[in-house]
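First the structure, in the form of structure tokens, and then the observations on it.
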Amino acid sequence: MTLQLRVYVPPHPLIKHWLAVARDAATPSVLFRSAMTELGRWLTYEAARDWLPTLETTVQSPLDSCPATLIDPQVPVAVVPILRAGLGLLEGAQTLLPLASVYHLGLVRDEETLEPSCYLNKLPEKFSPQTRVLITDPMLATGGSIMTAMAELTQRGADPSLTRIVCVVAAPPALQKLSAAYPGLNVYTAAIDETLNGNGYIVPGLGDAGDRTFGT
């Protein structure tokens, strides 16, 4: 079967609510951070479905033994926030993946060329086979940053088919690039906006998610 990029926009009312809060230009920074945390939580919840490794066992209830399914602790899980804006989604993701290792990747975009450059790379030299990787990056706009992140991850052994991207808003240019290069990938987003402006920002989007998260 031919692999194809899958983009999920979960129809969850809490995701829709917090997206509306995040989009609103009148939302203060402290509430914007809360919205990002909640979006990180609920989008990660959706991304974890049929993704986290499980094992079958038996447990003893107060009345009788019964079959049970548990998360397999032997299979590593990694969360990679794309700094700095990806930190806004990290807290919510960690509430659901408390045992995951966190590897920071710092990327900054040249506002003239729109090309990203890396200023911090805390990825391991090699990921263990079967590692589940969750990337948090609020905006998939031109695709420059996420493509750089995916290149860094795959050259260290991360499997795109076991990788999930959690973002708040995605745009077609980024999704098209990901689809061409990593067809086994899965993206979870609260919305897909069709337009980029001349500065490479998604419209209507969220504005600068990093600035709004940290109030700078």
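Please read all numbers here as calculations on a predicted model, not as lab measurements.
Using a 4.5 Å cut-off between side-chain heavy atoms of Ile, Leu, Val, Met, Phe, Trp and Tyr, V203 forms no hydrophobic cluster with any other residue.
Atom OG1 of T57 and atom CG of L55 lie 6.5 Å apart (nearest 0.5 Å). Within the model, atoms CZ of R164 and CH2 of W51 stand 7.0 Å from one another, a figure rounded to the nearest 0.5 Å. Interatomic distance, Y182 OH to L153 CG, rounded to the nearest 0.5 Å: 8.5 Å. For the atom pair OG1 (T142) and OH (Y201), the distance works out to 11.0 Å, reported to the nearest 0.5 Å. Note: L83 CG to H104 NE2 = 6.0 Å, rounded to the nearest 0.5 Å.
The 12-atom threshold is not exceeded at OH of Y45, counting heavy atoms of other residues, nucleotides or ligands nearer than 6.0 Å. No more than 12 heavy atoms of other residues, nucleotides or ligands lie within 6.0 Å of CD in E91, so this atom counts as exposed by the packing criterion. More than 12 heavy atoms of other shown residues, nucleotides or ligands fall within 6.0 angstrom of atom CG in N197.
Considering only heavy atoms from C-beta on, L196 comes within 4.5 Å of P173 through its side chain. Side-chain contact between S101 and V77 is absent, with no heavy-atom pair separated by less than 4.5 Å. At least one side-chain heavy atom of L19 sits under 4.5 Å from a side-chain heavy atom of V168. Between L5 and P183, every side-chain heavy-atom pair lies at or beyond the 4.5 Å cut-off.
Legend: residues meeting side chain to side chain contact (heavy atoms under 4.5 Å, CB included) with T216, ordered by chain and number and at least two apart, are R84, D211, F214. Scored by the side chain to side chain contact (heavy atoms under 4.5 Å, CB included) test, Q130 finds V75, R132, L162 as partners (sequence neighbours excluded). Taking the side chain to side chain contact (heavy atoms under 4.5 Å, CB included) definition, one finds that E152 meets it with N121, L123, Q155, R156, sequence neighbours left out.
A donor-acceptor contact shorter than 3.5 Å links the side chain of T213 to the backbone of A209.
Residue pairs that meet the ring pair (Phe, Tyr, Trp, His ring centres under 6.0 Å) test with at least one member in residues 126-156, sequence neighbours left out, are Y103-F127. Within the structure, salt bridge (Lys or Arg N to Asp or Glu O under 4.0 Å) contacts touching residues 21-32 (residues at least two apart or in different chains) are R23-D193.
No hydrogens or angles considered: nothing links the side chains of T37 and R33 as a donor-acceptor pair under 3.5 Å.
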